[in-house]
Amino acid sequence: MQRDSKIYVAGHRGLVGSAILNNLKIKGYTNIVTRTHEELDLISCEEVANFFMEERPEYVFLAAAKVGGIVANNTYRGDFIYQNLMIQTNVIHHSYLNKVKKLLFLGSTCIYPKNCPQPIKEDYLLTGKLEYTNEPYAIAKIAGIRMCESYNLQYATNFIAAMPTNLYGPKDNFDLEKSHVLPALLRKMHLGKALETGNWEDIRSNLSIMPIEGVNANSDKRAILDIFRKYGIEAKNGKVQIEIWGSGRPMREFLWSEEMADACVFLMKEIDFEDIKREINSAEIRDTHINIGTGKDISIKDLAYLIKERVGFEGELFFNTNKADGTLKKVTEISKLQKLGWNSSISLEEGIAKFYVEFLKISSASEIWK
Ligand SMILES: NC(=O)C1=CN([C@@H]2O[C@H](COP(=O)(O)OP(=O)(O)OC[C@H]3O[C@@H](n4cnc5c(N)ncnc54)[C@H](OP(=O)(O)O)[C@@H]3O)[C@@H](O)[C@H]2O)C=CC1
Ligand SMILES: C[C@H]1O[C@H](OP(=O)(O)OP(=O)(O)OC[C@H]2O[C@@H](n3cnc4c(=O)[nH]c(N)nc43)[C@H](O)[C@@H]2O)[C@@H](O)[C@@H](O)C1=O
C-alpha cells in the first residue's frame with residue numbers, strides 16, 4: 001500500500017473506522033475515500049455497485065457493520081443478521097468485481113463456540129454451538145470469513161479477515177441499553193457520581209450530548225430520575241446504586257480501538273492471503289482469519305470496580321442476575337498475530353484512564369454550560 005494508493009474506509013465515523021482513518025492520516029496516506037451512511041447505504045447492491053465503479057478503490061477497510069452490545073444483539077436479531085450479511089456481501093463482492101488489491105474484513109470473537117477451550121485459537125471456529133444472545137450477528141460474521149476465503153481460493157483475491165476482541169475508545173457508543181459494557185458502565189458511573197454530588201449541570205450537559213429517549217437536557221429532575229432508574233442508575237436514601245447486568249462472573253478481553261486500528265493498518269500493509277495460506281499444512285484451506293486481542297481478560301465484576309475507581313463514583317454496585325451474562329469466557333489466543341509481527345501495548349487500566357478523558361471531553365459540563 002503506497003502513500004497515494006486509493007483507500008476506502010467503510011464506516012469511517014464509527015469506533016473502529018474513525019481510528020483507522022486517523023491512523024492512516026498519521027502515517028501519511030493521502031488518498032482516502034469515505035462516504036457517510038447517508039451518502040452510501042451499503043445495504044443497497046445498486047449503490048455499492050455504482051460507488052465501486054466510480055471510485056475504484058485499491059484497498060478497502062470494511063469497518064461498517066450493524067454493531068451493539070449483548071442486549072442490542074439479542075433484541076434486534078433480524079437486523080443484525082440481515083444488515084451485516086448485506087453490507088459485507090455487497091462490499092466484498094464489488095471489491096472482487098472491481099479488482100481491489102486487498103480488503104480487510106472485520107469480524108468478532110463472538111464467532112467462536114460458546115464453550116470452546118481457552119484461549120481461543122482461530123481453528124476452533126465451527127467446532128460447537130454459538131452463544132445464543134449474538135448468534136445471528138456471529139453467523140453473519142462467519143459467512144464473511146468464509147466468503148473472503150472462498151473468493152481468495154477461487155478468484156485469487158487478497159481478502160484478509162480479522163477477528164477483534166471487545167473494543168472501546170474514542171467515538172464509542174454510550175447508549176445505556178444498546179452499547180457494550182465498557183462505555184455503558186463508564187457513563188452510568190459518571191452520571192451516578194454527578195447524582196451523588198448533586199451536579200445537575202453535568203447531568204444536563206451529558207443529556208444534551210448523548211440524548212436518552214424520553215428526556216432531554218431541559219426535562220425536570222423527576223423525569224430524569226425516572227429514566228435513570230429504568231437504566232439502572234438509582235438514588236435511594238441519599239445513596240446512589242448502579243446496576244451491573246448479569247452475575248459479574250463473565251470474563252471479557254478489551255482492546256483500545258486505536259490499537260485495533262494500528263493492527264488493521266499493519267495487516268493491510270504487511271500481510272497477504274498467500275502468507276497465511278502458506279502456513280496451513282493441509283489441502284483444506286480454512287480458518288485463515290486472524291484474532292486481534294491482548295490475550296488477557298478480566299471479570300465484569302473486576303472491570304466494574306476498576307471503572308468505579310477511575311470515575312470516582314462512591315456509591316454501590318448491584319449485580320442483576322436477571323440480565324443475561326452471555327458467554328462466560330472468551331479470551332483470544334494471539335500467537336498468529338504476534339508471529340506476523342503485531343502486539344498490543346496499552347493496558348486496560350491505561351485504556352480506561354484515556355477513555356474517561358475522552359468521555360469528559362465530549363460530556364463536560366464546564367465546556368457547554370458555562
Ligand atoms: N465495538 C466492538 O467492541 C467490536 C466491533 N467489532 C467489529 O468492528 C467493526 C467496526 O465496529 P464499530 O466501529 O464498533 O461499529 P460502529 O457502530 O461504531 O460503527 C459502524 C459504522 O458502520 C456504519 N454503517 C452501519 N450500517 C451502515 C450502512 N448500511 N451503510 C453505510 N454505513 C453503515 C455506521 O454508520 P452510521 O453510524 O452512520 O450508521 C458506522 O460508521 C464491525 O465489523 C464490528 O462488527 C468486532 C468486535 C468488537
Ligand atoms: C464485542 C461483542 O459484544 C457483544 O457481546 P458481549 O461481550 O456479551 O457484550 P457486552 O459488552 O454487551 O457485555 C459484556 C458483559 O458485560 C455485562 N454487562 C454488565 N453491565 C452491562 C451494561 O450496562 N451494558 C452492557 N452492554 N453489558 C453489561 C453483560 O451482561 C455481559 O456479560 C456481542 O453481542 C457482540 O457484539 C460482540 O462481538
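Source: prediction; values computed, not measured. One-based numbering, in listed order, for ligands and for the atoms of each.
- The side chain of Ile300, and not its backbone, has at least one atom closer than 4.0 Å to an atom of ligand 2 (non-hydrogen atoms only; side chain from C-beta on).
- Nearest-heavy-atom check against atom 25 (C) of ligand 1 across Cys264, Ser179, Ala65 picks out Ala65.
- By the 3.5 Å distance cut-off applied to N or O atoms, Lys66 is not counted among the residues near ligand 1.
- The two residues Val100 and Phe159 have their closest heavy-atom pair at O-CE2, 4.4 Å.
- The shell of residues lying under 4.0 angstrom from ligand 2, judged by heavy atoms, excludes Thr133.
- Here the closest non-hydrogen pair linking Leu207 and Arg187 is CD2-NH2, 4.2 Å.
- Between Ile111, Asn166, Val67, it is Asn166 that holds the heavy atom closest to atom 1 (C) of ligand 2.
- The single protein non-hydrogen atom nearest to atom 7 (O) of ligand 2 is Arg252 NE, 2.6 Å, given as residue, atom name and distance.
- Using 4.0 Å as the threshold, Tyr137 has a heavy atom nearer than that to some atom of ligand 1.
- For Asn73, every heavy-atom contact with ligand 2 shorter than 4.0 Å involves the side chain, none the backbone.
- Within the cation-pi definition used here (under 6.0 Å to the ring centroid, within 45° of the axis), Arg249 does not qualify as a partner of Phe319.
- Shown in contact with Gly11 at under 4.0 Å from a heavy atom are these atoms of ligand 1, numbered in order with element: 21 (C), 22 (O), 41 (O).
- The heavy atom nearest to atom 6 (N) of ligand 1, considering only Gly169, Cys110, Gly107, is found in Gly107.
- The proximity of Arg35 to ligand 1, defined as any non-hydrogen pair under 4.0 Å, does not occur for either the backbone or the side chain.
- The backbone of Leu40, and not its side chain, has at least one atom closer than 4.0 Å to an atom of ligand 1 (non-hydrogen atoms only; backbone = N, CA, C, O).
- In summary, the side chains of Ser363 and Asn206 do present a donor paired with an acceptor at a separation below 3.5 Å, with no hydrogens or angles considered.
- Atom 18 (O) of ligand 1 has Leu15 N, 2.8 Å as its closest protein atom, hydrogens excluded (heavy atom only).
- Atom 32 (O) of ligand 2 has as its closest protein heavy atom Asp325 O, 2.6 Å.
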